[in-house]
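Data first, discussion second: the structure below is written as structure tokens.
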Amino acid sequence: MEVVVFSLLNGLLYGLLLFMLSSGLTLIFSMMGVLNFAHASFYMLGAYLAYAMGGQIGFWPALFLAPVLVGVAGALVERYGLRPVHANGHVAELLFTFGLAYLIEEIVKLFWGKQPVPYRVPDVLSQPIFTLFETTYPAFRVFMMVVALLMFGVLWLLLKRTRAGLMIQAALTHPHMVGHLGHNVPLIFMTVFGIGCALAGLAGVIGGAILVTEPGMAHSLGPIVFVVVVVGGMGSLTGAFVASLLIGMLQTFAIAVGASIGDLLRLVGIPVAPHGELTGITLAQIAPMLPFLLLVLILIFRPRGLMGARET
Amino acid sequence: MWTKIIAAAASVGVMTAFAAHAQTVKIAYIDPLSGPFANVGDQGLKHFEYMANKINEAGGIAGGKKVEIIGLDNKVDAKESLIQFQKAVDQGARFILQGNGSSVAAALVDAVNKHNRRNPDQRVLFLNYAAVDPVFTNDGCSYWHFRFDADADMKMEALTNWLAEQKAIKNVYIIGQDYSFGKAVAAAARSMIAKKRPDVKIVGDELHPLGKVKDFSPYVAKMRAAGTDLVITGNWGPDMSLLVKAAADANFNVPILTYYGGGLGAPTAMGSSAVDRVKQITEFHENVEGAPAALMDDFEKKTSYDLYYWRAKTLMEMLKAAADKAGSTDATAVAAALSGLEHKTELGTVTMRTDNHQLLQPLFISTLSDKVARTVEGTTLGFKTDYRIEADATRTPTTCKMERPS
Amino acid sequence: MTAIDRALPAMRPVGVRSSPLAAVAPWLLGAAILLALPFVFPSRTGFTIMNAIGINVVFALSYNMLLGQGGMLSFGHAVWFGLGGFAAMHMMVAIDKLALPVPVFLLPLVGFAAGLLAGAVLGWPICRRAGTPFAMITLGIGELIAAAGLMFVTVFGGEEGIKGDRVVGPMLFGLDLGPQGGVYWFIAFWVFAAALAMWAFTRTPLGRLSLAVRDNPDRVPFIGYDPQRVRYLVFMVASGFAGLAGGMAAVNYEILTPQIFGALTSGNVLLMAFIGGLGAFYGPILGAVLIVLMQSMLSDYTEGWQLYVGLLFMGLVMFAPGGLASMVEGGARAVRRGDWRERAPAWASGALAFAVLAAGIVLLVELAFRAHGGGALRLAGLTLRPGDAMGWIIGIALVSLGAGLLRLLTRRGHDGDTARPA
């Protein structure tokens, strides 16, 4: 019982963290088709900016200002970098973001050095907020959950219920038509990219404090954000949300179970040696790799993803 | 067109990097100087450059030869390290320093063996300052490899000596990164605990992929559920910081015994969450009794790092002693002099074993605390000693069968 | 990802040039370069770097078979490189242990076979998708194999990998593979053989068909072929050649670690192919040369080499998406048309402006790196300190001058502001 409750809670937390990281990418990837390899770099930028500003103006203003700055940076990148490259196709765009990721990491090192920086949450948030079977949960984790849920809610409303959101969706499938209707399509794309980056920045402000703020943080985040977006399905914010939670739960429960592959095989009646090289591998050991397995399986058997509107 | 960039950058570099003298002993430092692990490599390089400077100021080695450290960037990649190794030999380096990544160390040990066999007139020594996989001084040992850090087994030997006296600890949880070092730590912990404290139960023995876990809360939940009194981990970098943070968040107050709790930005990353919780086993920390304050101050002033690799000092001093004794900086002569060499440091006498070329030095178990004289990394935290293990007590049996040059 | 083909300047159908001499000439030139190189760079460093370049040339060419020819963007090409390498490495160990009468010289063939086989097995599910799903599957497979590499110690040797000794077994052509110089001839042979084979592949019906699948998969069925099948076959062959490169790596390095499967290897090969140019057969060769040089040599001189790599990539992607090869092609076209004399001043002034810009950027970056406790920058008798304004002013002046000149030069050509098409 205890294990189940903990795993549910921890899985939810981790899933929401994943959603924060990948919601911006969902927006960019599914709306513009850009495989933004620098997405995690904008996340890192958010963390570092919040750390730098937090020292001057405090955490709360930084929580708002840092994402805005990252968003502006993202919009500038789109306007002066991606837009000229777009005509050369997706591979060119992808490589542009590839190079950008290198660049941002080096710039971060130039400004803040190669060691981790002491970026922490304010004292108010590091207080424990509730206790469950002796395990305390600090307010920060709950705060993160709330922010992630708010992000989801606001984005969803923005896309489905506002004029601007409808225009964005229309511009994706029929850019020329939207252009003929008198809307500024390039501006829409720039805004989408900027907002996507700002969301990554916001995730950085929060994630950087919970995790470790160091120059390798973008690199270590790796391609997990792509997994969320693809598993969730192109163009589906809800899909990304569900995929995040699914991956969070999957990973957390795999750790909690701790059975080995051999145990599982014997459970279904295949007698194998319990501690062979292959059969001795435990679920906990491969837990962080499960999302990638999920990615491959989903793409082979259901390329639309969980809730995607279309194949890519 | 692009060659122009290279040429421009090259000319910049040539001006700054090469001021070589004829009578210079070149020592190649092959470690990551760019990429995600650049911080680790940079810190090590600064240590060796500083120590080399000290030696030069005091008159050099083997009758006045100056030493020069050449930093070569291997990006912690085994293949790239071999390329840099060939470049080092070409530039005239006959001593190789390396420490980060057992895969790199394994590649270098092998490359040095082959190189020395194929080029007996250009022999090279590999001075390993931090790669701690026990294999390099056991089955995979080499006459040309000398290790100046205690290996994973020796540190575990020391840790379990301490554990043997901690009667309150009943349940131990082992967690590590899923690669050779993490597995070596786990294996050593299992066998040595069984020997020295048969009453202690190992309630968890877990491996997780290197650098892939973002939230360690599920692991902490498991530890708590198992009634853990002590966590032993070989984790380093973010994997360790995140583990400690998750434990602090969950108010899980048992000691976490680490190999790398003190270095590489870890105290900064962990912050107050680690106070009185994180212990480390090392050959040095700044509050150790006998640590030379003047040297530490000077080092901090010149490099803006804390003195962390005490063994960098030991290594350079022993290299000097061996070269002086041999009266030569030829690798073969220095190797013969280094093997079995005894050396006095401020912390005690250290010995280079002849049977497997492993340095025996005193080790210390220490706890991160906010009430210490010298703090690290500009934080208010520093380490205080819990326990000292004498050099001789860290001696572990070896399976090394060394091929010596005839 | 239909837009993938927009990145690819249409590959000129091979064999259009009629004279047989014109077809043979590049290969003679290539062979001459391979023969001459050891005399130009006879040092140990020279051989080591050239060997690394050779391996990556084959690897990058095999990647271009996938991307440039087949339109398949892969993030997991390191998998085949690594599997081929480990197969060759195990064979090398076996030659030593069991005293097999197999020459080490032929090990790349083992790598080829292993790559082909692995590509055939894993490629079947992978190739059922095209475009972005294909790219994402390769990303996932790459991550899974990379993780598995560390878990299966008996196959991949764990973190420390598998070691071998290349000086075993019978000698071929009397070539001693001990010294780096000996390995060079081994590498040179295989680079030439593999490049020739891959070029020949582009001329087979399957090679031609893959261009059709890349450009217009919907119409391929009308001429009676299954695009999925074509992709699968091309994928297998590309995997085979990646495995061959892995086999060369096994012999050259005599050690392979599971690191080889990592995203870094896969990313690098993509960069090499793209930087060199996907549109020309020889493009990836240029890319491999440049990237290996930057990686292994530039890092001696500056800790910011990755920053330069990043800048270079972004610059190329933005201003020369056809890669280095497109510049070469442009020059060659002008020579053929005979108007290179008129164009030369524009090129020269462009190169000059670029050099000014690059010098400014390098100066600023180097100063910035030294701002964190580094020493002064000494350059041509000038000593610039990060604390003084002088260096920064010069740097900024150079950058603005270079950028201004470039803008002036390109102003006439075209207006970069194109709206985003569908």
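- With a threshold of 4.5 angstrom between heavy atoms, C:F75 approaches chain A through side-chain atoms but not through N, CA, C or O.
- Each of A:G99, A:G81, A:A101, A:P291 has some count of heavy-atom pairs under 4.5 Å with chain C, and the biggest count is that of A:G99.
- Contacts of A:I300 with chain C are made by both backbone and side-chain atoms, with heavy-atom separations under 4.5 Å.
- The part of A:L94 that comes within reach of chain C is its side chain, from C-beta onward, which places non-hydrogen atoms under 4.5 angstrom from that chain.
- The two residues A:L299 and C:R129 come nearest to each other via the heavy atoms O-NE, 3.1 Å.
- Contact detail for C:E143 and A:M289: the closest heavy-atom pair is O-CE, 3.4 Å.
- Interatomic distance, CZ of A:F98 versus CG of C:L271, reported as 5.0 Å (0.5 Å rounding).
- Interatomic distance, C:L307 CG to A:I104 CD1, rounded to the nearest 0.5 Å: 11.5 Å.
- Here the CG-CG distance, from C:L311 to A:L103, works out to 5.0 Å after rounding to the nearest 0.5 Å.
- Under the side chain to side chain contact (heavy atoms under 4.5 Å, CB included) test applied with C:V317, the options A:T97, A:L100, A:V85 reduce to a single match, A:V85.
- Nearest heavy atom pair, residue C:I137 against residue A:V296, reads O-CG2, 4.0 Å.
- The shortest non-hydrogen separation linking C:M318 to A:Y80 is CE-O, 3.0 Å.
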